[in-house]
Amino acid sequence: MIRPFCALLLCLLVLPAQAASLTASVDRSRLSISETVELTIESDDPTQFGKPDLSPLEPLFEVLGTRQLNRITTRDGQTSATTRWIITLQPRHSGYVVIPPLQLGELATQPITLQVLEASPDAPTQVAPVFIDASLDQDSVYVQAQAILTLRIYHSVSLFDDSSLSPLQIADARVEQLGQARTYEKDIGGVRHGVIEVRFAIYPQRSGQLRIPALLFSATTVEPGRAGDFQPFGPRPGKLVRVRSPEIPLTVKAKPASYPADVPWLPARALSLNESWTPEPTQVQVGDSLTRHLLLKVDGLSSAQLPPIPATKVDGLRRYPDQPKLANQTSERGLIGSREESEALVPERSGRFELPEVEVLWWNTREDRLERAFLPARSLEVADNPELAEESAAPVTAAQPQILEGPPLWPWQLACALLALTTLLGFGLWWRARRQPAILPSPQSSPNPRTLLDDLRRACQANDPQATRQALDAWARQQPETLADMAARFVPLSDALDGLNGALYSETGQHWQGEDLWRAIRSLPPAEQPAAGSGEPGALPPLYPR
């Protein structure tokens, strides 16, 4: 016990001095009065060894449990220690309930507002150990608008970690899961149930009737043990439970006829369009670079559905656009997509520039009407830049002396003459080499036929097919006829050559016997010489005389 405490104390001593902070967050801000919420308090002050004062929570919440987690991390040579408290709360009252600031030493958290709803009269009242409930946030939506599907899996028994949920796939809709699954507890009929909540954003791609398919949840229950029983290998698995969610119909409405046909369709709960400048365009001169940031933020659509923002096109302003930045944020109402486009504007002349109005049309799904978000037109005053005026005038006076006082021309003439001589010399050498034969004839002494025959005999007796083939080719080149002609007129030699070729190109080469080939060579009858004058008169001599 002393060693871990000393190690922790040593790590805290080497931590760099920095401003400590105490933050608080909740896993969700909207819940029912019978449900629980997890409050997370995190401190990075290494000198605090106590815990937050939870007494301000008692009038508004019932504290069901508290967990503490300590963590020490090192990044880029900097060591930091954090302490986290996870507190499970159940509200005592409905309405808007505020989690008050909690004190830890001299630090305090910020207040957090929760929306606590009354228990729904159609809340599930099943008494099964595991059941599933599915609901949509609205019964009808416009095409490509967002509908939120919420799945809640209730279990009054403990489950193993092998639980799984079948994927949600809809042919005529695009589906995105909203964050990770959330877990909390809820009291149903006096029995406390664990809840696994999964949410999906559904974007129908065509109008008409759409059916949300049923999803299958499967898990293995933990078999409850009797009091006093010892289980050396942990809890025993019980039976496999499978439950399905109900199918839910969704009515998808077509785009309203009053919406402009040449404008991108944007059905959303809310939309905002903002701009910012870097730097602020207060004192602008010719050649200065101004970066204009346009941010389109839409509640109810993903960033992939947002169209490009109209570009700034003004004569006299050079425009350098940057790649758009797309981002999605998950909230209690679904996805909030954003698209930020940046463009650098560089004025080429002085004077007044009129930037046009930026307009985005969209359909308000809450009010069911066409709305318009816009940035008003603005004027941009650009003054002359004296530095650019001096730089543009300086090269005019300096250009004259450089032309008059240039270097003499004879080094360039000498270099050109040397280049011409080397070119002519190279061309002459190439022409001379082109007229020479490619291979110069060299006198070759023909080997002794007797020596070649002895080499062939030794190779055959050694049963070496590779050496035999080389010696056979060398011997055949000294004969008055080719090896093919000799094999054509003498069958034993043809058979022996077939055996040699088979040994050279197969795995049986190591078992080849050269006795048959040597016997065929020794028994080869001499070639018949054609009679003198038997040739036709006027016949041409052979092309390759032997």
Side-chain angles (χ1 to χ4, degrees), residues 144-146 203 255 259-331 335-365 369-399:
Q144 298 180 1
Q146 175 185 261
Y203 299 93
K255 183 172 66 172
Y259 197 84
D262 57 345
V263 175
W265 168 240
L266 290 178
R269 293 173 53 89
L271 185 144
S272 63
L273 181 62
N274 301 301
E275 74 168 343
S276 61
W277 292 81
T278 308
E280 287 295 330
T282 55
Q283 297 179 353
V284 186
Q285 295 180 343
V286 177
D288 291 348
S289 178
L290 300 174
T291 303
R292 188 185 193 188
H293 306 278
L294 299 176
L295 178 61
L296 178 63
K297 203 168 185 180
V298 181
D299 185 356
L301 293 179
S302 66
S303 59
Q305 297 175 270
L306 304 185
I309 305 176
T312 304
K313 296 181 179 180
V314 178
D315 292 338
L317 285 180
R318 291 200 307 269
R319 177 177 177 268
Y320 302 95
D322 199 359
Q323 291 293 332
K325 298 179 181 179
L326 306 180
N328 289 323
Q329 179 183 355
T330 303
S331 67
L335 279 181
I336 300 177
S338 63
R339 181 187 183 99
E340 181 180 1
E341 295 191 4
S342 303
E343 52 185 5
L345 303 177
V346 180
E348 299 177 324
R349 56 177 175 82
S350 60
R352 178 188 294 268
F353 294 90
E354 296 294 336
L355 303 185
E357 178 186 84
V358 180
E359 181 186 55
V360 175
L361 295 179
W362 62 288
W363 189 266
N364 191 332
T365 56
R369 65 183 182 184
L370 179 67
E371 293 197 5
R372 171 176 172 264
F374 69 97
L375 297 175
R378 64 180 303 167
S379 299
L380 189 64
E381 293 288 345
V382 179
D384 290 327
N385 194 336
E387 296 181 358
L388 293 180
E390 293 177 1
E391 292 178 359
S392 60
V396 176
T397 58

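What's counted below: heavy atoms across the whole structure, side chains too, no hydrogens, waters or symmetry copies. Along the sequence shown, residues carry numbers from 1. Just so we're clear, the structure is a prediction, and the values are computed from it rather than from any experiment.
- For the residue pair R378 and W277, the shortest heavy atom distance occurs at NH1-NE1, 3.0 Å.
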Inset, instruction - Would you please test L317 and L290 for side chain to side chain contact (heavy atoms under 4.5 Å, CB included) and show each step? - result: CA-CA 10 Å; L317 285 180; L290 300 174; over 6 Å; no
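- Closest approach of L273 and I309 over heavy atoms only: CD1-CD1, 4.4 Å.
- Across all non-hydrogen atoms, the minimal contact from L306 to R339 is O-NH1, 3.5 Å.
- A donor-acceptor pair under 3.5 Å links the side-chain atoms of Q146 to the main chain of L335, judged by distance alone.
- Note that CD of E275 is 5.0 Å distant from CG of L375, once rounded to the nearest 0.5 Å.
- With a 4.5 Å cut-off on side-chain heavy atoms, L345 and S289 do not count as touching.
- Closest heavy-atom contact between L361 and P260: CD1-CG, 3.9 Å.
- Considering all non-hydrogen atoms of both residues, E341 and P308 come closest at OE2-CA, 3.3 Å.
- The main-chain N or O of Q305 is never found under 3.5 Å from a side-chain atom of Y203 such that the two would form a donor-acceptor pair.
- For N385 (side chain) and V286 (main-chain N/O), a donor-acceptor pair under 3.5 Å exists by modelled atom type.
- Not counting sequence neighbours, S276 has no partner by the side chain to side chain donor-acceptor pair (under 3.5 Å) test.
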Below 3.5 Å, can you tabulate the donor-acceptor pairs from side chains in residues 261-271 to any protein atom, sequence neighbours excluded?
residue, atom, partner, partner atom, Å
W265, NE1, V143, O, 2.8

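- Of all non-hydrogen atoms in L301 and Q144, the two that sit nearest each other are CD2-O, 3.5 Å.
- Legend: residues meeting side chain to side chain contact (heavy atoms under 4.5 Å, CB included) with R352, ordered by chain and number and at least two apart, are E354, S379, E381.
- Judged as a side-chain hydrogen bond (donor to acceptor under 3.5 Å, both in side chains), the pairs with a partner in residues 321-330 (not counting sequence neighbours) are, in order, S303-N328.
- By the side chain to side chain donor-acceptor pair (under 3.5 Å) test, T291 is found to be paired with no residue, residues two or more places apart in sequence or in another chain being considered.
- Expressed to the nearest 0.5 Å, how far OG of S272 lies from CD1 of I336 amounts to 9.5 Å.
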Inset, instruction - Show the numbers, then the answer: is there a side chain to side chain contact (heavy atoms under 4.5 Å, CB included) between L370 and Y259? - result: CA-CA 7 Å; L370 179 67; Y259 197 84; 3.5 Å; yes
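- Residue pairs meeting the side-chain hydrogen bond (donor to acceptor under 3.5 Å, both in side chains) criterion with at least one partner in residues 307-316, sequence neighbours excluded, are R292-T312, T312-E343.
- Distance CG/D299 to OG/S338: 12.0 Å, rounded to 0.5 Å.
- One distance of note links NE2 of H293 with CD of E340; it measures 6.5 Å at 0.5 Å rounding.
- Between V358 and F374 the shortest side-chain heavy-atom distance does not fall below 4.5 Å.
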